[in-house]
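The first residue in the sequence is number 1, and the count goes up from there. Below, each value reflects all heavy atoms present in this structure, side chains not excepted, and no hydrogens, waters or symmetry copies. When a ligand or atom number is given, it counts from 1 through the structure's own listing order.
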Amino acid sequence: MRISVIIPTYNERENILVLLDTLKRAVSKVQQHTFSYVIVDDNSPDGTGATIAAYQKKHKDVFLLSGKKEGLGKALLRGLVYAATKLHADILAQMDADLSHDPRSFPQFIEAIDSGADMAVGSRYIPGGSIPENWGTHRKIFSIVGNSIVRFGLGYSHVHDWTGGYRAYKKSFFEKIQDELSSYSGYVFQIAFLHKILKLHANVSEVPIQFTDRRYGKSKIAPSEYIRNVLYYVGSERSKAFMTSSFLKFLVVGGFGFVVNAVVLKVFHESVGVSPILANLIGATLAIFSNFNLNNIWTFKERKVKSPVEYVLKLIQFYFTSAFGVILIQTGTIYFGIAFFGKEGYFLYFLIGTALLLVWNYVFYSLVIWKKH
Ligand code: GDD
Ligand code: MN
């Protein structure tokens, strides 16, 4: 297969040729693939471009893209698109140019893909991987905490390293997310990329890497902008997930049920002349019926009940759950609230009871009535 390694550079004159030589030596043992190298240089003022241009004379597998500086994400995307469309690479890879990513580990990434992974991610936070010893405690904590926020915040905790840039993946997966990537011009690109791949259920495997500090030149990361972008990404993805979550649908359905209950109560009492107690009983019965059906066709539609028998059984179960919730959990909370703290706070106990009721209902619905098979 054709493998293309994308290497973004900005003022990496002292590093880039050492990297290329070491990398080429490392892959020379890999027989079954062919390799090309795409250096994306944003017109580095230190003359990185000229250094590469000179190197290219003897290395026809090295390609140089020059452009204006628009950030790491933009540079990576340009390189990836070039490798995918012009070089017809089957596997795309990326690494930093400053030797923080040891090129001698690169064959492990290829092995991971050869063994069936869709993406191989260099990881500092798994056994065998590491961050530099010489980093101060603050920096270490910052790195670990930052990564954990992303890892748990996005909810794919099985991948341990989200922010690094040493990776390889199948072109087919890149093409599926390509259009979504242009919004991430900076370092947050790495996080967005991994997240979007995971959302496609890609098989991601981690390769332990020992991250070392660069020897020449300096880092181009702008920490405060980076932190802002990362938090914004995690926050907006979380809220997007919530807006489409079954919990939100469950709340909407329940809100509609409340309206049904209230309208039926009023109509039956005021226009039909039924007593409020009976009118409410009718209203609640209809509301629960509406809740069941809306949850069945909308909130939990992937787990919709199929046969008529199952429908009736689940509906009965649903009525019992609802009654249990209202009588024991909601009313029980009010009862104990008053018993322990007095009558004044009854409305607060009602609110707490209602919150507990919602949690109870949601948990019971998703784990029992519409349980995953
Ligand atoms: N073309 C281009 N344009 N290259 C860039 C740009 C840019 O705007 N910004 C950075 N680079 C290149 C650098 O020249 C280097 O090869 C690589 O991208 C990483 O940049 P560094 O400046 O070395 O970043 P770092 O070491 O601080 O950041 C590392 O850790 C981050 C957080 O874990 C990298 O691994 C990042 O990818 C990672 O997000
Ligand atoms: Mn670096």
Could you check which N/O/S atom of D98 is closest to the Mn ion (ligand 2)? OD2
Which pairs with one or both residues in residues 172-190 pass side-chain hydrogen bond (donor to acceptor under 3.5 Å, both in side chains), sequence neighbours excluded? Q94-Q190
Give every residue pair that meets the side-chain hydrogen bond (donor to acceptor under 3.5 Å, both in side chains) criterion with at least one member in residues 258-270, sequence neighbours excluded. K266-E270
Inspect the contact between K304 and E310 and indicate whether a charged nitrogen and a carboxylate oxygen are less than 4.0 angstrom apart. no
Would you check ligand 1 and list the protein residues that come within less than 4.0 Å of it by any heavy atom, ordered by chain and number? P8, T9, Y10, E12, V40, D42, K69, G71, L72, A75, D96, A97, D98, H101, R124, T163, G165, Y187, Q190, R214, S219, K220, I221, Y226
Run the numbers on F106 and V5 for side chain to side chain contact (heavy atoms under 4.5 Å, CB included), then give the verdict. CA-CA 10 Å; F106 189 59; V5 188; 3.8 Å; yes
Establish, yes or no, whether a centroid distance under 6.0 Å links the rings of Y169 and F193. yes
With sequence neighbours left out, write down each residue that passes side chain to side chain donor-acceptor pair (under 3.5 Å) with N43, or none if nothing qualifies. none
